[in-house]
Amino acid sequence: MPPNVTDPPIYHDPQIVFNETEKNHQPPTPSSAAKDVYNLNIFQSSLNQLAHILIGMTVGVILLFALRNGLPVGATPQHIILCVLGYHLLMAQAILSLSPHNGWSSRLKLVHKRRAHWILQVLGSGLALAGCFIKILDKSVHWETLHGRFALVSMVFTSVSMVNGLVSLYANELRGLRLLPSLSKLTHICFGIVGFSAASITLCYGLDKAFFRSWASDNFTTAIIVFVATFTTIIIINPFITFFNKSRILFRNN
Ligand code: HEM
């Protein structure tokens, strides 16, 4: 045979040729640890998606309730609309925006994520606090119901969390002040978790009021309360993990 002629392939069955080629080009099989990480990521993304659906349904139903008699609305519906939009739409999104599994923010650069977070946080807290003050001014006796008392807790923690959120925003510039930036970030996360959880408990007590139950029926009200509990748990998982990781690093380094 002349030197520039190659041997013909030895396989005659095309299926065998195909299978052999596939075998040679197969990517390496992932290790079981990589598979676990992949499964955990899919699980967390699904939880995130579930939280968005539950937030949408809850906020939608409460807006329908508050607007059931049309416009203009009185002090109580104004209070309900502002509190729910502020706490459970905007502040919920503000917390979710920092989660690596959150759909709309996962592709943002860190600097843009943080910008989205503080804008949503300021808008959300502003609307929620305005909603609370509308109802406080509408009432003459205060904090005699569990709904009111939890609302007070959420107002205090939300306000404090906003202030040290500002300090956290300038944490890089304040690096010279030793522990202050790390502590302000930790307290911002901690107060944010308490403020948001207290707002969710307040919402559940609000939904438990007779006028909501008689509009929505008992079973549906229970379902919405379960929705609130579920999305609140999903939303605070990520800040909880960040809080423990950051405190571990802080105490290990000092
Ligand atoms: C996150 C959501 C909510 C927050 C933060 C919130 C906050 C508040 C605050 C601060 C007060 C005044 C408490 C006082 O002065 O003693 C109040 C009262 C009231 N809220 Fe809400 N509220 C929320 C949702 C709702 C919902 C969903 C309803 C009804 C469906 C509702 C119905 C009422 C009523 C009827 C009062 C007057 C009676 C009371 O003090 O318990 N609220 N709320």
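Values below: every heavy atom of this structure, side chains too, minus hydrogens, waters and symmetry copies. Just follow the structure's listing: the first ligand is 1, and inside any ligand the first atom is 1. Computed from a predicted model, the values in this text were never measured in an experiment.
- Interface atoms of ligand 1 facing Ala151, defined by a heavy-atom separation under 4.0 Å, are 7 (C), 8 (C), 9 (C), 10 (C).
- Here the side chains of Gln44 and Ile234 are not in contact, with every heavy-atom distance at 4.5 Å or above.
- Those atoms of ligand 1 with a heavy atom of His142 less than 4.0 angstrom away are 14 (C), 15 (O), 16 (O).
- In terms of heavy-atom proximity, Trp215 sits nearest to Val61 at CH2-O, 3.8 Å.
- Shown in contact with Thr145 at under 4.0 Å from a heavy atom are these atoms of ligand 1, numbered in order with element: 39 (C), 40 (O), 41 (O).
- The line from CG of Leu85 to CG of Leu123 is 11.0 Å long, rounded to the nearest 0.5 Å.
- No donor-acceptor pair under 3.5 Å is formed between the side chain of Ser105 and the backbone N or O of Leu108.
- More than 12 heavy atoms of other residues, nucleotides or ligands lie within 6.0 Å of NZ in Lys113, so this atom counts as buried by the packing criterion.
- If you take OG1 on Thr76 and CD1 on Ile81, they are separated by 11.0 Å, rounding to the nearest 0.5 Å.
- Side-chain contact check for Tyr205 and Thr145: no donor-acceptor pair (N or O, by modelled atom type) lies under 3.5 Å.
- When heavy-atom distances to ligand 1 are checked against a 4.0 Å cut-off, Lys139 comes that close only through its side chain, counted from C-beta outward.
- In this structure, the protein non-hydrogen atom closest to atom 25 (C) of ligand 1 is His147 CE1, 3.4 Å.
- Distance from atom 27 (C) of ligand 1 to its nearest protein heavy atom, with residue and atom name: Leu203 CD1, 3.6 Å.
- In terms of protein heavy-atom proximity, atom 6 (C) of ligand 1 is closest to His79 CE1, 3.2 Å.
- The Gly148 neighbourhood of ligand 1 comprises atoms 13 (C), with distances under 4.0 Å to a heavy atom of that residue.
- For the pair Arg149 and ligand 1, no heavy-atom separation below 4.0 Å is found.
- In terms of protein heavy atoms, atom 37 (C) of ligand 1 is closest to Lys135 CE, 3.4 Å.
- The single protein non-hydrogen atom nearest to atom 30 (C) of ligand 1 is Gly206 O, 3.5 Å, given as residue, atom name and distance.
- At a heavy-atom distance under 4.0 Å, atoms from both the backbone and the side chain of Trp143 approach ligand 1.
- The backbone N or O of Ile134 sits nowhere less than 3.5 Å from a side-chain atom of His79 that would complete a donor-acceptor pair.
- Considering every non-hydrogen atom in both Ala128 and Cys83, the closest pair reads O-SG, 3.8 Å.
- Ligand 1 lies out of reach of Val84, whose nearest heavy atom is not under 4.0 Å from it.
- Of all atoms in ligand 1, numbered sequentially from 1 with element shown, those under 4.0 Å from a heavy atom of Phe65 are 30 (C).
- Scanning the protein for heavy atoms near atom 34 (C) of ligand 1, the closest one is Lys209 CE, 3.6 Å.
- The environment of Arg107 atom CZ is sparse: at most 12 non-hydrogen atoms of other residues, nucleotides or ligands sit within 6.0 angstrom.
- Summary of contacts: the protein heavy atom closest to atom 5 (C) of ligand 1 is Tyr87 CE1, 3.5 Å.
- When all heavy atoms of Gly86 and Leu127 are compared, the closest pair comes out as CA-CB, 3.9 Å.
- Close contacts between ligand 1 and His88 involve ligand atoms 1 (C) [criterion: under 4.0 Å to a heavy atom].
- Counting the atoms of ligand 1 from 1 in the order shown, those under 4.0 Å from a heavy atom of Cys132 are 5 (C), 7 (C), 10 (C).
- In terms of protein heavy-atom proximity, atom 3 (C) of ligand 1 is nearest to Cys83 CB, 3.6 Å.
- By the 4.0 Å heavy-atom criterion, Phe211 is counted among the residues contacting ligand 1.
- For ligand 1, the atoms sitting less than 4.0 Å from at least one non-hydrogen atom of Ala199 are 1 (C), numbered in the order shown with element in parentheses.
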Start with the C-alpha gap between Phe196 and His88, add the side-chain angles, then the distance that decides, and say whether ring-ring contact (aromatic ring centres under 6.0 Å, His included) holds. CA-CA 8 Å; Phe196 186 75; His88 293 98; 5.5 Å; yes
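- Contact detail for Ser159 and Leu129: the closest heavy-atom pair is OG-CD1, 4.0 Å.
- Under a 4.0 angstrom heavy-atom cut-off, Tyr205 registers as lying outside contact with ligand 1.
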